[in-house]
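Values reported hereafter were calculated over all heavy atoms of this structure, with side chains retained and with hydrogens, waters and symmetry mates removed. First listed ligand is number 1; within each ligand, the first listed atom is number 1. Computed from a prediction, not measured in an experiment: that's the story for all the values here.
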Amino acid sequence: MLVLGIESSCDETAAAVVKDGKMLSNVIASQIKVHSKYGGVVPEIASRKHIEAINPVIEQALSDAGFGLKEIEGIAVTRGPGLIGSLLIGLATAKALAYALNIPLVGVNHLEGHITAVFLAEKVPEFPFAALVVSGGHTNIYLVKNYHDFQLIGQTRDDAAGEAFDKAAKLLNLGYPGGVVIDKIAKGGNPQAVAFPRAMKGSADFSFSGLKTSLLTMLKKRGRDFSAEELPDITASYQEAIVDVLVEKTMRATQDNDIRQVVVCGGVAANGRLREKFADAAFKNKIDLFIPQVILCTDNAAMIAAIGEIMLTNGCRDSLDLNAISRWPLVAHS
Ligand code: KG4
Ligand code: ZN
């Protein structure tokens with residue numbers, strides 16, 4: 001089925017075309033430059049930028065895929081979770097297209113999209129597998145028994161891992177989004193230089209707010225006085241503290257549930273050190289590891305089209321009064 005996917009849940013306006021589980025195009029207009037001067041996403045600005053970008057992004061996705069609008073057989077759009085104003089732009093566009101073209105529409109959970117990104121690769125996992133969804137808003141481990149069949153095993157009690165990266169970057173005046181900057185700077189640093197805390201050992205849940213506080217306390221003690229030479233060590237140690245708990249808890253979840261396959265997805269899964277440490281841990285524990293290519297870890301519409309195609313093929317349909325949902329936990333559905 002030839003499906004157009006539309007994603008606008010946060011600060012990326014994205015459209016993609018997927019057919020029979022294969023990605024034919026993947027276009028992303030990022031708003032990073034606009035928001036970086038504020039140190040984070042400004043929701044009102046994000047909505048306005050989505051309006052400007054959405055039509056050209058869809059046109060580009062169709063042209064890259066080599067198809068015209070009239071050939072599209074179904075539309076998949078992110079329904080939530082996300083910024084409500086941003087979601088509504090994608091949703092209104094998707095509904096207008098579905099109505100005008102008289103083709104089916106399906107609203108998709110963004111987290112389900114992140115997990116499905118892994119199926120756009122050559123080598124794909126088999127069910128059941130454990131999935132760590134780690135992004136700016138979520139840090140959840142699921143037991144995935146089938147498409148649409150998720151059981152939450154662990155989640156963050158406070159900040160998401162991506163938020164921990166973004167907040168640290170803000171404290172260190174490194175700009176937004178923090179994960180990408182810290183990933184780069186930390187490459188030259190010693191991950192053991194600063195002993196940052198690893199919270200909630202022994203629990204399936206995560207907590208990252210103490211880590212951020214411990215960085216803040218360290219900076220306050222020094223009167224925010226650190227040299228540029230120290231930055232790689234500080235960021236590498238901070239990154240290591242995040243990655244360590246993500247790896248450890250995901251590996252424990254696989255053991256506890258007798259699972260041999262792990263999927264890691266979401267924006268933070270783009271992190272170089274995370275990919276390295278997960279690969280080592282998977283090798284040691286004889287587990288098959290699946291992490292989407294970097295461009296499919298951060299927000300994109302190919303993942304939305306991928307899960308949308310599966311849903312549409314299974315007969316899922318949404319009506320034109322479909323609304324956005326800003327908080328929408330991932331639960332098993334038909
Ligand atoms: O999935 P995503 O693009 O959007 C959400 O659904 O939240 O994830 C964005 C998050 C941000 O917090 C960003 O700092 C983080 O992913 N991120 C990274 C990297 N690239 C993006 N974190 C660590 N290392 C990266 N390379
Ligand atoms: Zn996301």
Side-chain angles (χ1 to χ4, degrees), residues 5-14 16 26 28-32 35-36 39-41 43 46 50 77-83 86-87 90 108-118 131-140 156 159-172 174-187 189 191 206 208 211-212 235-236 238-247 263-278 291-304 306-307 326-330:
I6 298 175
E7 153 68 38
S8 68
S9 65
C10 190
D11 60 342
E12 256 103 27
T13 321
N26 188 31
I28 304 164
S30 172
Q31 303 177 4
I32 283 176
H35 298 287
S36 58
V41 178
H50 283 307
V77 61
T78 305
R79 188 184 178 194
L83 301 170
S86 291
L87 289 165
V108 170
N109 185 305
H110 181 83
L111 305 178
E112 201 169 343
H114 272 305
I115 295 174
T116 312
V118 84
L132 170 68
V133 183
V134 65
S135 68
H138 296 87
T139 304
N140 298 345
T156 184
D159 293 350
E163 215 175 333
F165 273 110
D166 296 338
K167 285 180 174 169
K170 209 168 179 178
L171 290 174
L172 294 164
L174 299 177
Y176 172 86
V180 186
V181 193
I182 290 179
D183 192 353
K184 268 196 204 130
I185 298 176
K187 283 211 165 75
F206 300 91
F208 292 108
L211 174 63
K212 171 202 64 197
T235 49
Y238 189 88
Q239 172 177 268
E240 198 76 359
I242 297 176
V243 171
D244 273 354
V245 285
L246 292 174
V247 172
V263 168
V264 186
C265 57
V268 180
N271 184 269
R273 184 67 175 153
L274 174 145
R275 297 172 86 95
E276 203 176 277
K277 290 202 98 172
F278 260 107
I291 310 184
Q293 52 170 301
V294 168
I295 194 71
L296 295 177
C297 285
T298 43
D299 286 349
N300 66 86
M303 66 186 196
I304 302 303
I307 185 61
S326 63
R327 290 179 173 269
W328 187 12
L330 190 51

Does the side chain of [Y] come within less than 4.5 Å of [X]'s, by heavy atoms?
{"X": "N271", "Y": "V243", "value": "yes"}
{"X": "K170", "Y": "Y176", "value": "no"}
{"X": "D159", "Y": "K167", "value": "yes"}
{"X": "L132", "Y": "V263", "value": "no"}

Please find out if the Zn ion (ligand 2) and some N, O or S atom of C10 are separated by less than 2.8 Å. no

Going by the order shown, which atoms of ligand 1 are within less than 4.0 Å of some heavy atom of [X]?
{"X": "G162", "answer": "12 (O)"}
{"X": "G267", "answer": "1 (O), 2 (P), 8 (O), 16 (O), 17 (N), 18 (C), 19 (C), 20 (N), 21 (C)"}
{"X": "H114", "answer": "1 (O), 6 (O)"}
{"X": "G137", "answer": "7 (O)"}

Return yes when [X] approaches ligand 1 closer than 4.0 angstrom through a heavy atom, no otherwise.
{"X": "Q239", "answer": "no"}
{"X": "C10", "answer": "no"}
{"X": "H110", "answer": "yes"}

Please list the nearest protein heavy atom to [atom] with its residue and the distance rounded to 0.1 Å.
{"atom": "atom 12 (O) of ligand 1", "value": "D166 OD2, 2.7 Å"}
{"atom": "atom 24 (N) of ligand 1", "value": "N271 ND2, 3.0 Å"}
{"atom": "atom 10 (C) of ligand 1", "value": "G136 N, 3.4 Å"}
{"atom": "atom 22 (N) of ligand 1", "value": "G179 CA, 3.3 Å"}

Restricting H110 to its N/O/S atoms, the closest one to the Zn ion (ligand 2) is NE2

Need the atom name: nearest N/O/S atom of D299 to the Zn ion (ligand 2). OD1

So, H50 versus S8: side-chain donor-acceptor pair below 3.5 Å or not? no

Atom pair CD/OG1 of E7 and T78 - distance to nearest 0.5 Å: 3.5 Å

So CD1 of I182 and OG1 of T235: to nearest 0.5 Å the spacing works out to 6.5 Å

Residues D183, K187; criterion salt bridge (charged side-chain N to carboxylate O under 4.0 Å, His left out); working and verdict: CA-CA 7 Å; D183 192 353; K187 283 211 165 75; 3.4 Å; yes

Part of D183 within contact of ligand 1 (heavy atoms, under 4.0 Å): side chain

For E163 and K212, run salt bridge (charged side-chain N to carboxylate O under 4.0 Å, His left out): C-alpha distance rounded to whole Å, both residues' side-chain angles, the deciding distance at 0.1 Å, then the answer. CA-CA 9 Å; E163 215 175 333; K212 171 202 64 197; over 6 Å; no

Can you say whether the rings of H110 and H114 are parallel (under 30°), tilted (30 to 60°) or perpendicular (over 60°)? perpendicular

Using heavy-atom distances only, which candidate in N300, I32, D299, V268 approaches atom 15 (C) of ligand 1 most closely? V268

